[in-house]
> 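Structure incoming, see below.
If you're wondering where the values come from, they're calculated on a predicted model, not measured in any experiment. Side chains included, hydrogens not; waters and symmetry mates left out as well; all remaining heavy atoms used. Numbers restart at 1 for each chain; the letters A, B, ... are given by sequence-line order, proteins then strands.
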2 protein chains.
Amino acid sequence: MAVTANNGESRQPLSRDRILNAAVLLADRQGVEVLSMRRLGRELGVRAMSLYKHVANKDDVLDGIVDIVVSQIDLPPYGTEWRKAMGDRARSARQVFLQHPWIAALFESRLTRPQQTPVRLRYVNTLLGLLRQNGFSVSNAYRALLMIDSYLYGFTLQEVNWRLEDGNASRSEEETVHQVPMETYQYLFEIYTHLSSQNAGISTRLNTEFALGLELIFDALERLRENGTKFDSPDAPTPLPDSDGEDCKLQD
Amino acid sequence: MAVTANNGESRQPLSRDRILNAAVLLADRQGVEVLSMRRLGRELGVRAMSLYKHVANKDDVLDGIVDIVVSQIDLPPYGTEWRKAMGDRARSARQVFLQHPWIAALFESRLTRPQQTPVRLRYVNTLLGLLRQNGFSVSNAYRALLMIDSYLYGFTLQEVNWRLEDGNASRSEEETVHQVPMETYQYLFEIYTHLSSQNAGISTRLNTEFALGLELIFDALERLRENGTKFDSPDAPTPLPDSDGEDCKLQD
DNA sequence: ACCTGAACACCGTTCAAGT
DNA sequence: ACCTGAACACCGTTCAAGT
């Protein structure tokens with residue numbers, strides 16, 4: 001009935017940023033599945049077709065909101081000791097992903113694409129740099145990041161699903177355990193029984209699990225680092241001429 | 001124009017299995033994004049509405065095809081030494097995922113849901129059992145599976161995207177390296193240069209990387225296993241009365 | 001019993017037309 | 001210059017109607 005739609009400030013002149021921020025907000029509140037061009041237009045007090053002046057298409061919108069999320073991940077400054085740097089970044093990424101759980105649906109084909117936006121190129125370049133400056137060989141830096149990211153993505157993927165699932169209804173292990181036919185799945189039963197006997201809630205437990213797994217991976221990578229290029233193929237060794245030890249800070 | 005559509009055997013009387021198998025085939029050939037009820041019906045020589053006699057809705061179809069994929073993963077028999085068991089299963093899962101790359105889009109909210117189908121319950125129950133029978137405490141079995149699965153899902157997720165991306169055009173690192181502004185992203189440049197200097201193709205390299213990361217994780221888990229319940233919360237210890245040592249085989 | 005036509009409330013996107 | 005109406009080719013799903 002009103003000519004200009006829902007929120008008071010919809011008369012700002014529409015821009016890529018305004019569209020993308022509205023998209024993130026909409027996804028946060030309702031999930032990616034309701035994120036359509038038409039709905040997004042409605043949210044901005046405009047018809048869907050108007051959006052196409054500022055974004056190429058829906059794909060562009062999805063890429064854009066992934067970039068917004070990625071840029072919310074704290075990037076450790078060059079010079080940070082690698083365990084702290086990789087740990088801080090992994091923890092920050094996990095927190096950001098949990099704040100925007102819909103991002104899991106975009107992991108596939110967006111977050112981990114090889115052809116990338118500047119935001120994502122800078123992000124992975126910095127992480128590789130941090131590893132290189134801490135004594136990782138080229139291969140091992142690649143290896144380490146691949147391993148940390150695999151763990152980070154895989155863990156968060158599972159975690160987000162569990163939270164979405166029993167989130168609102170707060171269905172806990174205590175209830176789940178009774179839904180599983182225990183004679184058939186004795187080991188699952190055993191786990192659920194064990195988990196529900198613990199005082200810690202699911203959040204606290206997953207925090208602990210994530211941290212522990214990360215430390216185990218870091219321990220493994222530390223051994224890799226010390227062993228240098230031991231696992232590389234024969235033509236690999238070329239250690240960089242250590243072009244920049246510490247003096248190249250990307251951010252504050 | 002023909003009354004019964006495309007393939008010769010479309011006059012079999014439509015069943016859940018026939019529908020799900022057609023869905024997997026369609027996804028394999030064209031990707032999940034083209035998998036619609038209407039398209040699926042067309043594929044079976046029938047209108048979309050007919051499908052609703054055999055499947056509840058599209059969600060049911062998607063759950064169904066995930067089950068089909070999961071059931072293609074080889075499940076090691078009880079009694080297998082844990083490193084071999086977990087390694088075989090991870091390698092088999094990876095192969096299956098690479099054969100059905102669209103599965104990555106369903107990782108979110110389907111593969112890792114807590115409320116599960118019998119196929120998936122049996123699958124994870126067996127894996128937990130294998131760990132328990134090899135001396136893992138209840139907590140550590142849970143921990144180990146969470147960690148292995150995180151790595152498996154995360155790694156495969158990234159790998160599938162890379163393959164889909166440069167798959168058909170076979171765009172290799174040699175070409176990618178020239179698209180990245182090397183002054184801005186020196187560490188990325190360094191990696192791409194290094195990777196493209198190796199003789200091994202991307203497939204071979206990722207095989208190696210996957211195997212190496214898996215071994216590093218197994219090494220870490222072996223230490224966890226030996227340390228028993230060291231990382232558990234105080235009320236945890238309860239080791240199972242070893243109800244079945246070896247005599248409970250689930251499969252051939 | 002099994003299939004379907006028509007309908008409903010949606011999609012993304014284009015393009016000629018309006019202000 | 002910026003927005004939009006109408007249109008196209010799609011969605012998932014329901015339900016009364018056909019055979």
Side-chain angles (χ1 to χ4, degrees), chain A residues 1-24 26-27 29-66 102 105-106 108-110, chain B residues 1-24 26-27 29-66 102 105-106 108-110:
Chain A
M1 64 178 35
V3 179
T4 64
N6 42 21
N7 70 55
E9 40 184 352
S10 38
R11 285 306 67 180
Q12 294 163 32
L14 211 56
S15 69
R16 183 165 220 274
D17 271 10
R18 225 160 82 71
I19 292 173
L20 293 182
N21 285 324
V24 169
L26 182 56
R29 282 196 308 242
Q30 316 239 34
V32 247
E33 62 277 8
V34 315
L35 184 54
S36 72
M37 297 301 276
R38 292 163 121 107
R39 183 81 161 73
L40 188 50
R42 215 182 306 146
E43 214 72 21
L44 289 158
V46 107
R47 291 296 128 78
M49 317 89 195
S50 309
L51 303 176
Y52 288 86
K53 288 282 124 153
H54 305 92
V55 296
N57 47 34
K58 189 179 181 181
D59 237 65
D60 191 21
V61 172
L62 295 179
D63 264 330
I65 62 178
V66 169
W102 44 268
L106 304 180
E108 192 260 340
S109 85
R110 294 218 139 68
Chain B
M1 74 177 23
V3 180
T4 64
N6 43 20
N7 70 56
E9 40 185 350
S10 39
R11 285 305 67 181
Q12 292 163 33
L14 213 55
S15 68
R16 183 164 219 273
D17 270 9
R18 225 161 81 72
I19 291 173
L20 293 182
N21 285 326
V24 170
L26 182 55
R29 282 196 308 242
Q30 317 238 34
V32 248
E33 62 277 6
V34 314
L35 182 55
S36 70
M37 297 302 277
R38 290 163 122 108
R39 183 83 161 71
L40 188 51
R42 215 183 306 146
E43 214 72 20
L44 289 158
V46 107
R47 290 297 128 78
M49 319 89 195
S50 309
L51 303 176
Y52 288 87
K53 288 281 125 156
H54 305 93
V55 296
N57 46 35
K58 190 179 180 181
D59 236 65
D60 191 21
V61 172
L62 295 178
D63 265 330
I65 61 178
V66 169
W102 45 268
L106 303 180
E108 190 261 338
S109 84
R110 294 220 138 66

> Out of C/dC11, D/dT13, D/dC11, which nucleotide sits closest to the side chain of B/Asn57?
D/dT13
> Nearest whole angstrom, please: distance from the P of D/dT4 to the CG of A/Leu44.
11 Å
> Name the one of B/Ile19, B/Leu14, B/Leu20 that satisfies side-chain contact (heavy atoms from CB on, under 4.5 Å) with B/Arg16?
B/Leu20
> Whole angstroms only, please: what is the CE-C1' distance between A/Met37 and C/dT14?
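Roughly 13 Å, once rounded to whole Å.
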> Considering just the side-chain nitrogens and oxygens of B/Lys53, establish if one lies under 4.0 Å of OP1 or OP2 belonging to C/dC2.
no
> Once you round to the nearest 0.5 Å, how far does CG of B/Leu51 lie from CZ of B/Arg38?
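With rounding to 0.5 Å, CG (B/Leu51) is 11.5 Å from CZ (B/Arg38).
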> To the nearest Å, how far apart are B/His54 NE2 and C/dC2 C1'?
8 Å
> Does any part of the side chain of B/His54, heavy atoms only, come nearer than 4.5 Å to the side chain of B/Asp60, both counted from C-beta?
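They are not in side-chain contact.
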> Less than 4.5 Å apart, any side-chain heavy atom of B/Gln30 and any of B/Arg39?
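When only atoms from C-beta onward are counted, B/Arg39 and B/Gln30 do touch, with a gap below 4.5 Å.
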> Using whole Å, report how far OH of B/Tyr52 lies from C1' of C/dC2.
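Distance check: B/Tyr52 OH to C/dC2 C1' gives 17 Å.
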> Counting the atoms with a prime plus P, OP1 and OP2 as sugar-phosphate, which does A/Ser36 contact under 4.0 Å by heavy atoms, base, sugar-phosphate, or nothing?
sugar-phosphate
> State which residue, out of A/Val61, A/Val55, A/Val34, fulfils the side-chain contact (heavy atoms from CB on, under 4.5 Å) condition with A/Leu40.
A/Val61
> How close or far is atom C1' of C/dG12 from atom CG of A/Leu35, stated in whole angstroms?
12 Å
> A/Ser50 has a side chain; which of C/dT4, D/dT4, D/dT13 sits nearest to it?
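Of C/dT4, D/dT4, D/dT13, D/dT4 is nearest to the side chain of A/Ser50.
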> If every non-hydrogen atom of B/Lys58 is compared with every non-hydrogen atom of B/Ser36, which pair is closest and at what distance?
NZ-CA, 4.4 Å
> Answer yes or no: is there a side-chain heavy-atom contact under 4.5 Å between B/Ile65 and B/Trp102?
yes
> Atom CG of A/Leu40 to atom C1' of D/dC3: distance rounded to whole Å?
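Value for this atom pair: 16 Å.
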> Of the nucleotides C/dT13, D/dT13, D/dC3, which has the atom closest to the A/Lys58 side chain?
C/dT13
> When all nucleic acid strands are considered with a 4.0 Å heavy-atom cut-off, which category describes A/Arg38: base, sugar-phosphate, or nothing?
base
> Rounding to an integer number of Å, can you tell me how far A/Leu14 CG sits from D/dT4 C1'?
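One finds 13 Å between C1' of D/dT4 and CG of A/Leu14, rounded.
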> Taking CG from B/Leu51 and P from C/dG5, how many angstroms apart are they, rounded to a whole number?
14 Å
> Over all strands shown, is B/Met49 touching base, sugar-phosphate only, or nothing at heavy-atom distances under 4.0 angstrom?
base
> Can you tell me how far C1' in D/dA9 sits from the matching atom in C/dC10, rounded to whole Å?
13 Å
> Which residue lies toward the 5' end of DNA chain C, A/Val34 or B/Arg47, if each is placed at its nearest nucleotide?
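Going by which nucleotide is closer to the 5' end, it is B/Arg47.
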> Go ahead and write out DNA chain C as dot-bracket, 5' to 3': ( ) for pairs within the strand, [ ] for ones crossing earlier pairs, | when the partner sits on another strand, dots for unpaired; Watson-Crick or G-U wobble, both distances under 3.5 Å.
||.|||||...|||||.||
